[in-house]
Peer 1: 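Sending over a structure as structure tokens; questions will come in a sec.
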Amino acid sequence: MKHLFLLTALIIPSFVSAKPASNMVWMPETLNFVENGNVQKGEQLAQSCASCHGEKGISAMGMFPSLAGQTANYTYKQLRDYADGKRDNPMMNSVAQGLSDQDSADLAAWFQSLPAAQNKASTQDVSKAELMVNQGNGKKILPPCFTCHGASGKGKRMDTPALAGQQSEYTVNTLMAYKKGTRHNDIYSRMRVIAKQLSDDEIKQLGELYQQMK
Amino acid sequence: MNKISEEERQKILESPPVGTWILMLSVAGGMVAAWLFLYYGVFLSRGIIN
Amino acid sequence: MNDSTAKNLALSHMWVAFSAFILACFMGEYQVLERSGLFDSLSSPSVYFASVSTHGVLMAFVLTTFFIMGFGYYTASHSLKVPVWNPKLAWFGFGLALTGVVMAAIPLLTGLASVLYTFYPPVQAHVAFYIGATLLVIGSWVWCAIMVVMFYQWKQANPGKTVPLAMFATTANAFLWLWTSTGVALEVLFQLIPWALGWMDTLDPGLARTLFAWTLHPIVYFWLIPAYTAFYVFVPKQAGAYLFSEEAARMAFIVLVVFSLPIGFHHLYMDPEQAKGWKLLHGLGTFIVTLPTLVTGFTVIASLEIAGRLRGGKGLFGWIGTLPWGNPMVLSVILSLLMLIFGGFGGIVNASYAMNAMIHNTAWVPGHFHLIFAGTTIIMYFAIAYYLWPVLVKKPLFSKSLALVQLWTWFIGMSIMTTPWHVLGLLGQPRRISSVQYNNLLTLSWEPYELLMILGGLVLLGSACLFFYLLIKTQFSASTEPFEGIVEYAEPLHEVKDLPEYLNDFKLWNKVIGVLMLISFGIPILQFFFMDTYGSSGWGY
Amino acid sequence: MHIDPLERKWVLVSLGMCALFVSIIMIDALFHGVNAPSNVETIDSRKIHLSEEFGEDNLGVQVAENGEITVRMVAGRYAFFPKEITIPAETKITFRWVSMDVLHGVHMPMTNMSTMIVPGYVSQVESSFPRPGEYPMLCNEYCGLGHDHMWSKVSVIDKEEWDASRAASKTVTSDTIDEEQNNE
């Protein structure tokens, strides 16, 4: 009977939107374009971001992400996804729609050039998170976080984001949004599938762990 | 080493290597049998592939 | 004749080879331990994949290439009774290859080149890794050139004479390697290096795999030919008799060289970028290349049979017992052939086209190539080292009985390690994983085999250390008596008369290879330039 | 030239052995459809998420009108998407695989479902599964540090159970459609 349900769920054509999760395509031209973003121009543009994301890309409020040290590809992709409505946030949607591709690349380059936040270690228990980051969980088919996000949370080539130094509240919110599916600009649900398997406690600890990571 | 006469020595050098022949035949036989077992007994019984 | 140059070259090359070997053996044992999952503290994919990449490069590229070069210099000089041609060039080649090794070792050991020794793009390693590997290959081309020049100089000086079998085989290997390495050289020079340097945005992984497959099969024959050379030129003499047929030996070498080249697609059976017609054609060629090995088995065993009978062996198999089992060379060949039977059978299974799906990229594959390479081939490298070391360092072998223990333990260790590996493959365990994460009942059946592999690995590691110890002890023992070791080649049972020129030269065979390569790789490579293909940018790992 | 008569015979035996293996392989390949997966079909791996065939909602098991089953899967570090599928035993199933990033390989242990997945190419393989059960579908080519964790679940179920659930799902599907229409 269990099979039956599963099967039914799997072979019914889905009626949810058939649109791709993101329109971003990493052609070499795009990669080069982002890599050659103009840091100075980005710095100027970033002045209007400072109120939320901080002067040096380090946000003071947990609801807004720090962007300092973020990989340029990732920032660029998010800005384009906001502009396309692939990622929902009323404020960012309108901000991103006002940015050209060139502006997005410049901003991405600027934020990448900034040093990520260096936060002190707290006394909170992060043992579960450490396990997730380093070992993953074979039983739940969860690869260790470091395999994509890097051993020191600096992100990796193409578009996996840097997480080290990120506001813990922001990381937790993001993972919860993936878990609920309200954030869905990860192609093939890559991150949603993972977040769905994480317990709320693990998510909380992961937020803390990445906030402290240097 | 056993002492052997020159006559015996020549005989050995000229005799066909029957031991080798039988040994190699059994190796070949074993290989054919094992291959057929893997092909029909294991590989094809695991389903089609195309 | 003063052959000190050849001896120095041989010794230097072989020390590099065996140093790489011993280092890689420790990594091998770490890998079986890590992979078993028994030791939580060892668990680290980052370290594991850096280690497995280094292990593969050291064993497959460094140990082999340096050993073959060193053995080749000595064989050429000794069998032709001439000094090494252009020793400065030879040392330059050595330096180049060694520089390459160091250059590749740095990113490998620091985890910047964990792309395995097959470096399959689009995962991208540090560019120093690709450049280092290229220098190693270019250094080996210098060796090839010197071998070919010595071969033809000798032929010119000795018109109508038969080139000694040892040199014939060595030159065959030099030609084989020039042809073999061209595939990977094309991949590295036109794809990997420009791509890793950023001169080129993308490359086609399908083309890269096709070019690597060009190299991937004949390279194992490049490694194997020194072992076969020892089979034919040393073993019969050491056993106390004659080489059963020198003509068969020469034919075997030629068929090996010619047919190991155009058959690389059996590594691509499960790949989407080549069509089945080409795969079948290469598969057919793969079966042809089993023939020289089957003939070699017969010729070598027949030579041993005569030796055993001369020593008093009676009846159908009585000669086996009367063989000089206490001679390291003879013991090695017996153990080597035993492993060749099983390793060869595994190879036939791999070659069997669709049946490859049953074992492709499973644990069976490393089980197979450890048996045939680390077993059959390397045990003969040991035998050659035991045979040549006293000659090279002018001191007697430190301990023959320890050498015998070493050879036996290597064989036993290899059997204990590779048998479970094959079984794991049939049970579906993939190769190249650092731990078993699949939450499935099936994986429980894998565990006992992993334990056995640890044991096998331990025995092998002990054996490798003993080997290294014996080389050091032989070379650096304080022996005062002057010692002159000798190298003797086996005489053919029937004198070689009226040898046709095609069994004494490679001109014809190079043309044949050219044609076969054009047929088997021409269209499969050209297709990438006529299809709409899509490149890949470099990815981290 | 001197070649021993027994050695000549041995060459013939060796040739015979190879000929036997080659004939079995060739006959099965040419007449019985036992082949290595070899469709040479290219695709732009960077854009597959925008493609129709490998669009997110088109992945997984699909049954055509005539009952033929196609499974479309995307390999990407570190999973095969979708992560769970259910297929019937003893039925020919066509798998179509693409990579969204690097080189991968996939097989299901103790079955013949095996292929490399090379970026830039579609790997198509037809297979069947005589034995029902839970299988891991796992990555067998090193693809990065999370390679060990790259696997998905496959349930191979009895053919009767599959047919029964197919019949049931058809009614469910039409019910759902009815409901949706009613809602509008």
Side-chain angles (χ1 to χ4, degrees), chain A residues 1-31 86 132-151 156-160 184-194 196-197, chain D residues 44-52 54-63 69 73-88 100-102 132 136 143-153 155-158 161-162 164-166 168-173 176-177 180:
Chain A
M1 205 49 206
K2 195 186 125 219
H3 281 318
L4 209 77
F5 275 122
L6 199 65
L7 199 63
T8 319
L10 286 169
I11 57 179
I12 292 179
S14 162
F15 292 105
V16 215
S17 98
K19 286 174 193 145
S22 168
N23 292 328
M24 194 67 221
V25 173
W26 288 116
M27 298 305 280
E29 303 79 58
T30 326
L31 289 165
K86 296 294 179 190
M132 275 314 304
V133 170
N134 298 318
Q135 310 282 329
N137 186 330
K139 290 224 157 43
K140 296 200 277 184
I141 328 191
L142 286 173
C145 312
F146 92 88
T147 58
C148 291
H149 294 282
K156 282 207 176 172
R157 230 187 286 186
M158 292 301 168
D159 58 5
T160 42
H184 43 68
N185 66 330
D186 53 330
I187 58 171
Y188 297 113
S189 314
R190 285 197 284 183
M191 201 58 213
R192 275 170 286 176
V193 175
I194 292 171
K196 278 197 184 94
Q197 302 272 11
Chain D
D44 194 341
S45 272
R46 297 161 294 204
K47 293 181 183 160
I48 48 169
H49 59 290
L50 305 183
S51 75
E52 195 177 339
F54 293 98
E56 215 162 301
D57 305 315
N58 208 28
L59 297 183
V61 184
Q62 290 193 348
V63 188
I69 303 172
M73 302 284 293
V74 169
R77 294 191 291 189
Y78 293 104
F80 298 102
F81 302 100
K83 292 192 77 164
E84 290 186 24
I85 59 167
T86 302
I87 47 176
M100 60 189 267
D101 43 36
V102 299
C143 57
L145 296 180
H147 168 56
D148 304 349
H149 292 263
M150 182 158 170
W151 65 286
S152 294
K153 283 184 190 171
S155 306
V156 177
I157 61 170
D158 279 332
E161 199 185 337
W162 169 270
S165 60
R166 277 274 296 156
S169 79
K170 264 191 188 141
T171 51
V172 174
T173 314
T176 329
I177 291 167
E180 289 208 344

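Note that this is a predicted model, so its numbers are computed, not measured. By convention in this document, chain letters (A, B, ...) are assigned in the order of the sequence lines, proteins followed by strands, and residues within each chain are numbered from 1.
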Peer 1: Holding to ring-ring contact (aromatic ring centres under 6.0 Å, His included), I want the full list of residues that pass it with D/Tyr78, two or more places apart in sequence or in another chain.
Peer 2: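 Result, ring-ring contact (aromatic ring centres under 6.0 Å, His included) vs D/Tyr78: none returned.
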
Peer 1: Near D/Lys83 NZ, under 6.0 Å, is it more than 12 heavy atoms from other residues, nucleotides or ligands?
Peer 2: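 More than 12 heavy atoms, drawn from other residues, nucleotides or ligands, come within 6.0 Å of this atom.
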
Peer 1: Examine whether an atom of A/Thr160 lies under 4.5 Å from a heavy atom of chain D, and if so say whether it belongs to the side chain, the backbone or both; otherwise answer neither.
Peer 2: neither

Peer 1: What salt bridge (charged side-chain N to carboxylate O under 4.0 Å, His left out) pairs are there with at least one residue in residues 20-31 of chain A, not counting sequence neighbours?
Peer 2: none

Peer 1: Is D/Arg77 in contact with chain A via its backbone, its side chain, both, or neither, using a 4.5 Å heavy-atom distance?
Peer 2: backbone

Peer 1: Any idea which heavy atoms bring A/Trp26 and D/Arg46 closest together, and the distance?
Peer 2: O-CD, 3.6 Å

Peer 1: For the residue pair D/Phe54 and A/Tyr188, what are the closest heavy atoms and their distance?
Peer 2: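 Residues D/Phe54 and A/Tyr188, closest heavy atoms: O-OH, 2.7 Å.
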
Peer 1: For A/Asp186, is there any backbone N or O sitting under 3.5 Å from a side-chain donor or acceptor partner on D/His49?
Peer 2: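 The answer is no, because no donor-acceptor pair under 3.5 Å joins these two groups.
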
Peer 1: Go through the atoms of A/Met158 and report whether side chain, backbone, both or neither lie under 4.5 Å from a heavy atom of chain D.
Peer 2: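 Answer is neither: A/Met158 stays 4.5 Å or more from chain D.
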
Peer 1: Strictly less than 4.5 Å between heavy atoms, which residues of residues 145-152 of chain D line up against chain A? Please order them by number.
Peer 2: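 Answer by number: D/Leu145, D/Gly146, D/His149, D/Trp151.
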
Peer 1: Please set out all donor-acceptor pairs under 3.5 angstrom arising from side-chain atoms of residues 136-143 of chain A, sequence neighbours excluded.
Peer 2:
{"unit_1": "A/Asn137", "atom_1": "OD1", "unit_2": "A/Lys139", "atom_2": "N", "d": "2.9"}
{"unit_1": "A/Asn137", "atom_1": "OD1", "unit_2": "A/Lys140", "atom_2": "N", "d": "3.3"}
{"unit_1": "A/Lys140", "atom_1": "NZ", "unit_2": "A/Gln197", "atom_2": "O", "d": "2.8"}

Peer 1: So, D/Glu56 side chain and A/Pro20 main chain: donor-acceptor pair closer than 3.5 Å or not?
Peer 2: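 Here the side-chain-to-backbone pair does not exist.
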
